Amino acid sequence: MDATFATGKELQKMDPVFGQLSFDDHEQIVFCNDKDTGLKAIIGIHNSVMGPALGGTRMWNYNTEWEALNDVLRLSRGMTYKSAITGLNIGGGKAVIIGDAKTQKTPELMRKFGEFVHSLSGRYITAEDVGMETKDMDTVRDVTPYVTGISEERGGSGNPSPVTAYGVYLGMKAAAKSQFGSDVLDGKKVLVQGIGHVGEALVEYLTKEGAKVTISDINEEKLYEVAQKYNATIYTGEDLYTADVDIYAPCAMGAIINDNTVDKIKAKVIAGAANNQLADENVHGARLQERGILYAPDFLINAGGIINVYAELANYGKAEIMSKTENIYNTTLEIIDYAVKNGITTHKAALTIAQNRIDARKIENAAK
């Protein structure tokens, strides 16, 4: 049945919001619509135990509203655990704007979105994500203070992508140390899927260390540009999941480790910047473990961006941003060790440690 043409009763049977697995006890979901600007957005606030919900805004041309809703719920939940595992006193939230960022994004649309963010009175603080630029956050800042990742000229922390890439790079090195016995990536074959802001910065880190980098992206122009800039190899095979590489770094959209791909992967380490890489975190996380593939939990190693934008709220500078990001290396090793000792997947280990921190704070808050 096509959900687009469902009747009210049929929608009720579908349980489109509370019935979704990704709903996962979200505190609040806000649907935003503005006829004049064409804005259609969804804001998800998953958990505010640790503090106000902080998470970026993604603009994407979703096929259906259901797809957009599921994405914002998964991303919002991921932000809760990302902030908790990283030791930040902030909750988890996220926003998606439905549309093509290249053709439909306007200053008026961004300002209207900022007004919706402002209406939540600080329960949700937005930032940059896929389809967004620092200048867009500056536009949102014109109408609300509840935004981070604004330009350095306006007193912000600037583009978070290089810091995100640095954290992924360090998480990858930690995973390599555990899997290969050394964190040296010189000579290692690494496939980077998706070379946007974060992916390109990761390619730069890897190239500087001497890794043999192969890149893949749907944007051919960008692909050739990055290949030439860093002397990287463009993947030309039929199925990149079967690529003969040591490390696979997914840096595009989520759910790419799924029933169709999980048994094809030849890499021994998966460490990338994409959010929600496991389509089913229990099933696919366990399958990777069974196959001897070490998965560096995405919400742990891609936390550099949230560390960067959180600096604006916590008033710390570049030195502390880098120090906190560098700690991703140690935390990754701890998570891997915890997983081995407890006979669980690395994803489950990271979730458990993050949830323990949230539960402890919940008890503290109740005692006040």
Side-chain angles (χ1 to χ4, degrees), residues 22 26 28-34 37-46 48 52-62 65 67-80 82-83 90-151 154 156-161 163-164 196-198 252-254 273-276 299 302-306 308-310 312-313:
S22 51
H26 268 71
Q28 191 172 3
I29 301 168
V30 182
F31 293 85
C32 315
N33 180 67
D34 180 64
T37 61
L39 175 73
K40 283 183 170 50
I42 309 172
I43 299 171
I45 298 173
H46 178 251
S48 60
L54 172 61
T57 296
R58 169 173 295 185
M59 188 166 186
W60 191 257
N61 207 9
Y62 295 98
E65 291 173 12
E67 194 177 286
L69 176 61
N70 190 54
D71 200 30
V72 76
L73 292 175
R74 281 171 60 89
L75 290 165
S76 174
R77 174 180 179 265
M79 293 307 299
T80 294
K82 182 182 299 192
S83 295
I90 203 80
K94 205 80 174 185
V96 299
I97 297 174
I98 301 171
D100 188 330
K102 290 179 181 175
T103 60
Q104 293 174 274
K105 185 171 60 177
T106 63
E108 292 75 23
L109 181 140
M110 292 310 303
R111 274 193 286 273
K112 180 55 68 174
F113 173 71
E115 288 174 17
F116 279 108
V117 170
H118 192 70
S119 73
L120 293 169
S121 305
R123 272 182 56 73
Y124 168 66
I125 301 165
T126 197
E128 181 185 322
D129 201 295
V130 175
M132 291 291 153
E133 308 281 345
T134 304
K135 64 181 181 182
D136 298 318
M137 296 305 104
D138 284 352
T139 302
V140 172
R141 183 66 181 82
D142 290 340
V143 295
T144 182
Y146 305 123
V147 54
T148 58
I150 57 175
S151 63
R154 294 188 62 169
S157 56
N159 179 10
S161 299
V163 187
T164 302
H197 296 311
V198 177
M253 299 300 279
N275 287 304
N276 303 314
F299 65 86
N302 70 10
I306 199 75
N308 189 70
V309 296
Y310 180 67
E312 293 176 30
L313 305 178

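Not measured: the values here are computed from a predicted model.
Environment of CD in Glu65: sparse, with no more than 12 heavy atoms of neighbouring residues, nucleotides or ligands closer than 6.0 Å.
Within the model, atoms CZ of Arg141 and CD1 of Ile150 stand 5.5 Å from one another, a figure rounded to the nearest 0.5 Å. The CD atom of Glu108 sits 11.0 Å away from atom CG of Asp34, with the distance rounded to the nearest 0.5 Å. We find the CG-CE distance between Asp138 and Met110 to be 10.5 Å, quoted to the nearest 0.5 Å. Rounded to the nearest 0.5 angstrom, Ile90 CD1 and Ile125 CD1 are separated by 4.5 Å. The CD1 atom of Ile306 sits 6.5 Å away from atom OG1 of Thr148, with the distance rounded to the nearest 0.5 Å. Of the inter-residue distances, the one linking Asn276 atom CG with Arg77 atom CZ reads 8.0 Å to the nearest 0.5 angstrom.
Here the closest non-hydrogen pair linking Leu109 and Gly38 is CD1-C, 4.3 Å. Contact between Met137 and Gly149 at its shortest, heavy atoms only, is CB-O, 3.8 Å. Pairing each heavy atom of Lys105 with each of Met59, the nearest pair is CB-SD, 3.8 Å. The heavy-atom pair separating Tyr124 from Gly93 by the smallest distance is CE1-C, 3.9 Å. Of all heavy-atom pairs spanning Ala274 and Asn302, the tightest one is O-ND2, 3.8 Å. The two residues Ile45 and Ala53 have their closest heavy-atom pair at CG2-CB, 3.8 Å.
Panel note: side chain Arg58, backbone Ile97; no donor-acceptor pair is recorded below 3.5 Å. Judged by distance alone, the side chain of Asn70 and the main-chain N or O of Glu67 form no donor-acceptor pair under 3.5 Å. One N or O on the side chain of Ser76 and one on the backbone of His46 form a donor-acceptor pair closer than 3.5 Å.
The shortest distance between side-chain heavy atoms of Met79 and Phe299 does not fall below 4.5 Å. At a threshold of 4.5 Å between non-hydrogen side-chain atoms, the residues Cys32 and Ile42 do not count as touching. Side chains of Phe116 and Leu39 form a contact here, defined as non-hydrogen atoms less than 4.5 Å apart. You'll find the side chain of Arg123 reaches within 4.5 Å of the side chain of Ser48, heavy atoms only. At least one side-chain heavy atom of Leu73 sits less than 4.5 Å from a side-chain heavy atom of Ile29.
In the model, Glu312 has a side-chain atom that pairs as donor or acceptor with a side-chain atom of Ser157 under 3.5 Å. Side chains of Glu128 and Thr134: a donor-acceptor N/O pair is present below 3.5 angstrom, by distance only. With hydrogens and angles left out, the side-chain atoms of His118 and Thr144 include a donor and acceptor closer than 3.5 Å. If you check the side chains of Asp142 and Thr139, you find no donor sitting under 3.5 Å from an acceptor.
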Passes side chain to side chain contact (heavy atoms under 4.5 Å, CB included), Tyr62 versus Val96? Steps please.
-> CA-CA 10 Å; Tyr62 295 98; Val96 299; 3.2 Å; yes

With side chain to side chain contact (heavy atoms under 4.5 Å, CB included) as the test, would you mind laying out the steps for Val72 and Ile43 before giving the verdict?
-> CA-CA 7 Å; Val72 76; Ile43 299 171; over 6 Å; no

Please lay out, stage by stage, how Thr37 and Phe113 fare under the test side chain to side chain contact (heavy atoms under 4.5 Å, CB included).
-> CA-CA 10 Å; Thr37 61; Phe113 173 71; over 6 Å; no

Are Asn275 and Lys82 close enough, and set up right, to give a side chain to side chain contact (heavy atoms under 4.5 Å, CB included), and what steps lead you there?
-> CA-CA 10 Å; Asn275 287 304; Lys82 182 182 299 192; 3.2 Å; yes

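The pair Lys94-Asp129 counts as a salt bridge, with a side-chain nitrogen and a carboxylate oxygen less than 4.0 angstrom apart.
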